[in-house]
S.K.: 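Following this message is one structure expressed as structure tokens.
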Amino acid sequence: MRIGIIGSGAVGKALATGLARHGHETRIGTRKDEVDGLPVGAPSEVAAESDLVFLAVQGAAAVEVADGLAGELTGKVLVDTTNPLEVVNGSPGMFVGHTDSLGERVQRAAPRAQVVKAYNTVGNELMVDPNLPGGPPTMFIAGDSEHAKAMVADLLDATGWEVADLGGIEASRYLEAMCVAWVRAVRGSGNPHQAFKLLGR
């Protein structure tokens with residue numbers, strides 16, 4: 001696939017590098033001229049020309065970026081990796097939650113995109129090929145389009161993940177809270193190489 005990644009931070013670079021290892025054509029949408037030697041382009045151009053688009057920006061900027069690219073994202077599958085994280089008095093929390101979520105806000109900002117919340121409950125180093133003891137970890141996803149979720153699930157399955165579908169985009173409220181739990185676990189252990197796993201019979 002042609003995969004576009006909007007955002008040139010640690011998450012964007014990890015996704016671009018990791019997915020390219022699996023044979024996908026990846027490009028980072030950014031205003032920068034160069035990002036660690038990776039293929040780049042203007043965000044609008046990258047969004048328009050990609051088969052699948054990742055939103056990999058800071059949570060505070062996610063809605064504005066999605067709104068600005070709403071036209072180019074029409075009909076596209078948009079993987080929302082963002083989280084509404086904020087730190088208050090040294091403790092991680094969320095600037096939206098319980099009755100709304102950043103995933104839902106992104107979907108409203110780009111109403112003709114098929115938004116799938118995913119990749120937000122793990123650190124960037126494990127987003128592609130998470131080689132951990134105990135077998136493949138579980139990526140929890142949410143979105144209103146079954147087709148879009150199936151497309152993202154296939155990509156996850158091919159890159160080392162099991163997938164648990166939590167339902168519509170409103171389930172982003174729970175995925176985003178899981179990120180806070182992940183951050184607290186990492187802070188407590190000092191080990192960022194951790195991921196969730198759903199077990200059953």
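Being a predicted model, the structure only gives us computed values, none of them experimental.
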S.K.: Considering only residues two or more places apart or on different chains, which pairs with a residue in residues 107-166 satisfy ring pair (Phe, Tyr, Trp, His ring centres under 6.0 Å)?
M.R.: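 For residues 107-166, and leaving out neighbouring residues, the ring pair (Phe, Tyr, Trp, His ring centres under 6.0 Å) pairs sorted by first residue read Phe54-Tyr119.
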S.K.: Would you tabulate the side-chain donor-acceptor contacts of residues 175-189 under 3.5 Å, counting partners in other chains and residues two or more places apart, or write 'none'?
M.R.:
{"residue": "Glu176", "atom": "OE1", "partner": "Leu102", "partner atom": "N", "Å": "3.0"}
{"residue": "Glu176", "atom": "OE2", "partner": "Leu102", "partner atom": "N", "Å": "3.2"}
{"residue": "Glu176", "atom": "OE2", "partner": "Gly103", "partner atom": "N", "Å": "2.9"}
{"residue": "Glu176", "atom": "OE2", "partner": "Lys117", "partner atom": "NZ", "Å": "2.7"}
{"residue": "Trp182", "atom": "NE1", "partner": "Gln194", "partner atom": "O", "Å": "2.8"}
{"residue": "Arg187", "atom": "NH1", "partner": "Gly90", "partner atom": "O", "Å": "2.6"}
{"residue": "Ser189", "atom": "OG", "partner": "Ala185", "partner atom": "O", "Å": "3.0"}
{"residue": "Ser189", "atom": "OG", "partner": "Asn191", "partner atom": "N", "Å": "3.1"}
{"residue": "Ser189", "atom": "OG", "partner": "Gln194", "partner atom": "NE2", "Å": "2.6"}

S.K.: Rounded at 0.5 Å granularity, tell me how far CG in Asp67 sits from CZ in Arg105.
M.R.: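 One finds 13.5 Å between CG of Asp67 and CZ of Arg105.
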S.K.: Would a hydrophobic clustering, with Ile, Leu, Val, Met, Phe, Trp and Tyr connected at side-chain separations under 4.5 Å, put Ile6 with Ile3?
M.R.: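 Looking at the clustering, Ile3 is in a separate group from Ile6.
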S.K.: Considering all heavy atoms of both residues, which atom of Ala48 and which atom of Lys76 are nearest to each other, and what is their separation?
M.R.: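 Distance-wise, the nearest heavy atoms are O-NZ, 3.0 Å.
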S.K.: Below 4.5 Å, heavy atoms only, C-beta onward: do Glu162 and Leu198 meet side chain to side chain?
M.R.: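 Contact flag for Glu162/Leu198 side chains = no.
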S.K.: Listing request: all salt bridge (charged side-chain N to carboxylate O under 4.0 Å, His left out) pairs with a residue in residues 81-93, at least two apart in sequence or in separate chains.
M.R.: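 Non-adjacent pairs meeting salt bridge (charged side-chain N to carboxylate O under 4.0 Å, His left out): zero.
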S.K.: Under the rule for side chain to side chain contact (heavy atoms under 4.5 Å, CB included), what residues qualify as partners of Ala148, not counting sequence neighbours?
M.R.: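 For Ala148 the side chain to side chain contact (heavy atoms under 4.5 Å, CB included) partners, ignoring immediate neighbours, are Val77, Gln114, Val116, Ser145.
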S.K.: Sequence neighbours excluded, which residues qualify as side chain to side chain contact (heavy atoms under 4.5 Å, CB included) partners of Ala150?
M.R.: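 With sequence neighbours excluded, Ala150 shows a side chain to side chain contact (heavy atoms under 4.5 Å, CB included) to no residue whatsoever.
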S.K.: Going by the rule side chain to side chain contact (heavy atoms under 4.5 Å, CB included), which residues pair with Glu125 if we only count those two or more places apart in sequence or in a different chain?
M.R.: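 By the side chain to side chain contact (heavy atoms under 4.5 Å, CB included) rule, Glu125 matches His193.
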S.K.: To the nearest 0.5 Å, what is the distance between CG on Leu156 and OG1 on Thr138?
M.R.: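 Here the rounded value is 11.0 Å.
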S.K.: Search all heavy atoms of Pro192 against all heavy atoms of Leu126 and return the closest pair with its distance.
M.R.: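 Shortest heavy-atom contact: O-CD1, 4.3 Å.
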S.K.: Going by the rule side chain to side chain donor-acceptor pair (under 3.5 Å), which residues pair with Asp165 if we only count those two or more places apart in sequence or in a different chain?
M.R.: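 Partners of Asp165 by the side chain to side chain donor-acceptor pair (under 3.5 Å) criterion, ordered by chain and then number, come out as Lys149.
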S.K.: I'd like to know whether Leu155 forms a side chain to side chain contact (heavy atoms under 4.5 Å, CB included) with His24, so could you lay out the CA-CA distance, the side-chain angles of the two residues, the decisive distance to 0.1 Å, and finally the verdict.
M.R.: CA-CA 10 Å; Leu155 182 62; His24 299 288; 3.5 Å; yes
S.K.: Output the distance between atom CG (Asn83) and atom CG (Asn120), rounded to the nearest 0.5 Å.
M.R.: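 One gets 4.5 Å once the value is rounded to the nearest 0.5 Å.
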S.K.: Shortest non-hydrogen contact from Val46 to Gly4?
M.R.: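 Closest approach of Val46 to Gly4: CG1-CA, 3.5 Å.
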S.K.: Kindly work out whether a path of hydrophobic side-chain contacts (I/L/V/M/F/W/Y, heavy atoms less than 4.5 Å apart) joins Met1 to Met139.
M.R.: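 In one cluster with Met1: Met139, yes.
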S.K.: Report yes or no: do Ile5 and Val65 belong to one cluster of Ile/Leu/Val/Met/Phe/Trp/Tyr joined by side chain heavy-atom distances under 4.5 Å?
M.R.: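 Ile5 and Val65: separate clusters.
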S.K.: Begin with the C-alpha distance, continue with both residues' side-chain angles, and end with the deciding distance and a verdict on side chain to side chain contact (heavy atoms under 4.5 Å, CB included) for Asp51 and Glu25.
M.R.: CA-CA 10 Å; Asp51 303 314; Glu25 179 185 331; over 6 Å; no
S.K.: Is the shortest side-chain heavy-atom distance between Arg112 and Leu73 below 4.5 Å?
M.R.: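 Heavy-atom side-chain distance check fails, nothing below 4.5 Å.
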S.K.: Going by side chain to side chain donor-acceptor pair (under 3.5 Å), name the residues that satisfy it together with Glu49, two or more places apart in sequence or in a different chain.
M.R.: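 With sequence neighbours excluded, Glu49 shows a side chain to side chain donor-acceptor pair (under 3.5 Å) to Arg27, given in chain and number order.
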S.K.: Taking the side chain as every heavy atom from C-beta outward, state whether Pro43 and Leu69 have any pair of such atoms under 4.5 Å apart.
M.R.: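 With C-beta onward as the side chain, the pair touches.
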S.K.: Same cluster or not: Met127 versus Met151, using hydrophobic residues (I, L, V, M, F, W, Y) connected whenever any side-chain heavy atoms lie under 4.5 Å apart?
M.R.: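 Hydrophobic grouping puts Met127 with Met151.
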S.K.: Just to verify, what does Gln58 make a side chain to side chain donor-acceptor pair (under 3.5 Å) with, not counting sequence neighbours?
M.R.: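 Listed in chain order: nothing, the list is empty.
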S.K.: Can you name the closest pair of heavy atoms from Ala70 and Ala109 and give their distance?
M.R.: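 Reported closest heavy-atom pair: CB-O, 3.6 Å.
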S.K.: Mind checking the CZ-CG spacing from Arg21 to Asp129? Nearest 0.5 Å is all I need.
M.R.: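 It is 4.5 Å, given to the nearest 0.5 Å.
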S.K.: Assigning hydrophobic clusters by single linkage (Ile, Leu, Val, Met, Phe, Trp, Tyr; side-chain heavy-atom cutoff under 4.5 Å), is Leu166 placed with Val115?
M.R.: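 Different clusters: Leu166 never reaches Val115 through Ile, Leu, Val, Met, Phe, Trp or Tyr contacts under 4.5 Å.
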S.K.: Indicate the atoms forming the closest heavy-atom contact of Ala142 with Ser172, along with that distance.
M.R.: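 Between these two residues, the closest heavy atoms are CB-N, 4.1 Å.
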S.K.: For Lys13, which residues count as a salt bridge (Lys or Arg N to Asp or Glu O under 4.0 Å) partner, sequence neighbours excluded?
M.R.: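 Result, salt bridge (Lys or Arg N to Asp or Glu O under 4.0 Å) vs Lys13: Asp36.
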S.K.: Taking the side chain as C-beta and beyond, is there a heavy-atom pair between Leu15 and Thr26 under 4.5 Å?
M.R.: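 No, every pair of side-chain atoms sits at 4.5 Å or beyond.
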S.K.: How many angstroms lie between atom CG of Leu199 and atom NZ of Lys197, to the nearest 0.5 angstrom?
M.R.: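 Taking CG in Leu199 and NZ in Lys197, the distance rounds to 6.0 Å.
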S.K.: Kindly say whether Ala47 contributes a backbone atom to a donor-acceptor pair with the side chain of Ser50 at under 3.5 angstrom?
M.R.: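 No, the answer is negative, given that no donor and acceptor are paired below the 3.5 Å cut-off.
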S.K.: In Å and rounded to the nearest 0.5 Å, what is the CZ to CD1 distance from Arg108 to Ile169?
M.R.: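 Spacing of CZ (Arg108) from CD1 (Ile169) equals 10.0 Å.
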S.K.: Would you say CD of Glu45 has more than 12 non-hydrogen atoms from neighbouring residues, nucleotides or ligands within 6.0 angstrom?
M.R.: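 Yes, because the 6.0 Å sphere around CD of Glu45 holds more than 12 heavy atoms from other groups.
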S.K.: Of all the heavy-atom pairs spanning Asn124 and Ala10, show the shortest one and how long it is.
M.R.: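 So the minimum-distance heavy-atom pair works out to ND2-CB, 3.8 Å.
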S.K.: Taking side chain to side chain donor-acceptor pair (under 3.5 Å) as the definition, give me every residue that meets it alongside Thr82, ordered by chain and number, with sequence neighbours left out.
M.R.: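 Once residues adjacent in sequence are excluded, the partners of Thr82 under the side chain to side chain donor-acceptor pair (under 3.5 Å) criterion are Asp80.
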S.K.: Just to verify, what does Val40 make a side chain to side chain contact (heavy atoms under 4.5 Å, CB included) with, not counting sequence neighbours?
M.R.: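 For Val40 the side chain to side chain contact (heavy atoms under 4.5 Å, CB included) partners, ignoring immediate neighbours, are Ile28, Thr30, Val35.
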